[in-house]
Visitor: 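There's a structure below that I have some questions on.
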Protein chains: 2
Amino acid sequence: MNCGARSSSLLGSFCDHSLEEVNSMKTCAYYKKNQPLFVEGSLQRGVYCLNQGKVKVFTRGDEGKEQIIHIAKEGEIIGFRAMFSGEPYKVSATTLEESNICFIAKEDFLNMIDTNPALRNGIMQELSKELGDRAVFITNMAQKSVRERLAFSLLILGDIYGAEEINLTREDLANFVGTATETLIRLLKDFKDEEMIEIHTRKIEIINKQKLLHLAGK
Amino acid sequence: MNCGARSSSLLGSFCDHSLEEVNSMKTCAYYKKNQPLFVEGSLQRGVYCLNQGKVKVFTRGDEGKEQIIHIAKEGEIIGFRAMFSGEPYKVSATTLEESNICFIAKEDFLNMIDTNPALRNGIMQELSKELGDRAVFITNMAQKSVRERLAFSLLILGDIYGAEEINLTREDLANFVGTATETLIRLLKDFKDEEMIEIHTRKIEIINKQKLLHLAGK
DNA sequence: TTTTAAAGATGATTAATATCATTTTTTAAA
DNA sequence: TTTAAAAAATGATATTAATCATCTTTAAAA
C-alpha cells in the first residue's frame, strides 16, 4: 500500500484512491527524515501529496534562520500555492519524519483543475482560508509575547499531532514560535513547572489544554 | 467621472471602464476619511474596487490593537479573499483618506468568475502571490528588529504612495510596523537624524532609499 | 560498547523595546 | 479666533528576550 491518506476537505479527496484519474498520473516515493521536497527560489515542477508523515514549510530570514510557516500532516497537498503565482517558490519544504509522498506534475495538475470545477473551488477556498489564517498569524507575531506565542503554537501542534505527542527538535519549535532556541527551552521548563505540559525527552505532551488556551488569549 | 483607476494587472482591468459587463453591475460611492468598508467577523456581501484613495486592511489583536496587513491604493480590489473561503471576514478595511469606491455584489462577482477564465486565473494568481508575500511578512515580523521593520515598511509605503509623501498617523504607521507608537516616533527621529527621511509634520518623505534598503536587509 | 557529534540545558549579561507619565504641538470644532 | 480634543513628542523606568559562553545529556556512528 502506498496512498492511504484521507481528509474530509475537498482538497484532501484529491489524493484519494478513488480518483482513478489522479492515481494514474502520480508517482509515490518514500522520503526519509530531513529530506527536502523543494527549496525557496527554485522553480516549481508540480505538487506534493503527503500520505504519511510530517513536513515543515518555512522561509529563511536574512541571517539564514528558518521561520516555519506551516507544518503539514497526512492528507495535505504541499506546494500548490506557487502553482498559480508564476513565481519561484517563496518557501522551502522538508520532511520532519519518515514520510510517504506522491508527486503530480504541474501540467497534469493544472489540466485537472481546468476540467474539474469542484477541485478548482476547493483550491480557491483553501488559498483564501490560508490567507486569512496568515493575517492572524502576522498579528500574533507582532503583538503577542513569546510566552503567549508558545502557548498558541503548542495548541496548533497539538491539533496537528493528534493522538501522538508533539515531536520536534527544540530548534524547529523555536523557529515555529519565532524565538531563540534558549528562550524556548526556558519557557518550556516554565510551562512544565506550571503543569501545562509534560516533557518526555524531546516529545511534548499537553496536559492542560484549558490553561494553554487561556494563556494564548483565546 | 467616477471610475478612473487603472492597473497593469489582470485583476486591475476588472474595474476598468472597458468592461461594460462590470460597469453595469457596480455601484460607486464617495467615502470620507476613516470610514469602514467592512469589519472583521461580519459576513461578506461583495467586493470593493478602490478607484481613488487609500484603504487600510487590518486585524485586531486580543487587546484591540490594530495590526495593518496591507494598505490598498487606486486600482485594487478589496475583500475578494473572503469570497471563496466561505468564512466571515478575518480582517477589517477602513479608508485612510477620502476615497471613491465601487461595490460589486457577491453573486455578480462569482458569476463573472465562472464565465471568465482569464479573470479567474488572475484571481488565483493574486491569491497565490499574496500568500507568498505573507510568508515573507511573517518571517520579517519574527526575525527583524523594529528598526529593520520600519525601514522595510517605509520602502513598501514609498511604493504605495508613489510621488506623494507618506501620509499616515504615527499610530497607523506603528500598527503597520508592529510596534508601540512611542517606539515608532523615536525611531522616526533617528531616521531623520541619519538623513534617511524628512518629516513634514505628519508627512514623511524618503530622501535616501539606498540606505533604507541596506538597513531593511535586502 | 566506546567514541563523537548533535541536541538540550543553564547561567550571566546586554540590548531592545514596551509601558507609564507628562508635555507640547497640531488640528478641528465651537 | 478661541477653545477643546486629538496627535505627536519626550523622559524615566521596567521587562522581555537575545546573545554568548559553557556544560550536560542524548543519540548516532565507529
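No hydrogens, no waters, no symmetry mates; every other heavy atom, side chains included, goes into these values. Throughout, a chain's letter reflects where its sequence line sits, starting with A, and its residues are numbered from 1.
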Visitor: Closest to the B:Thr201 side chain: C:dT27, C:dT10, D:dT19?
Guide: C:dT27
Visitor: If D:dT2 has a Watson-Crick or G-U wobble mate with both distances under 3.5 Å, name it; if not, just say none.
Guide: C:dA29
Visitor: Ignoring hydrogens and angles, does a donor from either the side chain of B:Arg186 or the base of C:dT19 sit under 3.5 Å from an acceptor on the other?
Guide: yes
Visitor: What's B:Ser145 touching, base or sugar-phosphate or nothing? Going by heavy atoms closer than 4.0 Å.
Guide: sugar-phosphate
Visitor: Measure CD1/B:Ile199 against P/D:dT10 and give the value in whole Å, please.
Guide: 9 Å
Visitor: Check whether any side-chain N or O of A:Thr169 sits under 4.0 Å from OP1 or OP2 of C:dA6, and answer yes or no.
Guide: no
Visitor: Among D:dT26, D:dT19, D:dT10, which nucleotide sits nearest the side chain of A:Glu182?
Guide: D:dT19
Visitor: Can you confirm whether more than 12 heavy atoms, excluding those of A:Gln44, are under 6.0 Å from its CD atom?
Guide: yes
Visitor: Under 4.0 Å between a Lys/Arg side-chain N and an Asp/Glu carboxylate O for B:Glu98 and B:Lys33?
Guide: no
Visitor: Please state how far atom CG in A:Asn175 lies from atom C1' in C:dA7, giving the value in whole angstrom units.
Guide: 14 Å
Visitor: In whole angstroms, how far is the P atom of C:dA16 from the CE atom of B:Met141?
Guide: 19 Å
Visitor: B:Tyr89 and ring-ring contact (aromatic ring centres under 6.0 Å, His included): which partner among B:Phe80, B:Phe38, B:Phe58, B:Tyr48?
Guide: B:Phe38
Visitor: Given D:dA9, is OP1 or OP2 found less than 4.0 Å from the side-chain N or O atoms of B:Lys189?
Guide: no
Visitor: How about A:Glu171: does its CD atom have over 12 heavy atoms from other parts shown lying under 6.0 Å from it?
Guide: no
Visitor: Round to the nearest Å and state the distance from A:Leu184 atom CG to D:dA18 atom C1'.
Guide: 13 Å
Visitor: Taking the nucleotide of DNA chain C with the nearest heavy atom to each, does A:Arg170 or A:Ala142 sit closer to the 5' end?
Guide: A:Arg170
Visitor: Let me spell it out: for each of B:Glu171 and A:Thr183, pick the nucleotide of DNA chain D with the closest heavy atom. Which residue's pick is nearer the 5' end?
Guide: B:Glu171
Visitor: D:dA27 P sits how many Å from A:Asn34 CG, rounded?
Guide: 15 Å
Visitor: Starting at NZ of B:Lys203 and ending at P of D:dA8, how long is that distance when rounded to a whole Å?
Guide: 13 Å
Visitor: Using atom CZ of B:Arg147 as one end and atom P of C:dA15 as the other, report the distance to the nearest whole Å.
Guide: 15 Å
Visitor: Over how many whole Å does the gap from A:Leu187 atom CG to D:dA18 atom C1' extend?
Guide: 12 Å
Visitor: Hey, is B:Cys28 close enough to B:Cys102 that the SGs sit under 2.5 Å?
Guide: yes
Visitor: What is the nucleic acid contact for B:Thr181, judged by heavy atoms within less than 4.0 Å: base, sugar-phosphate only, or nothing?
Guide: nothing
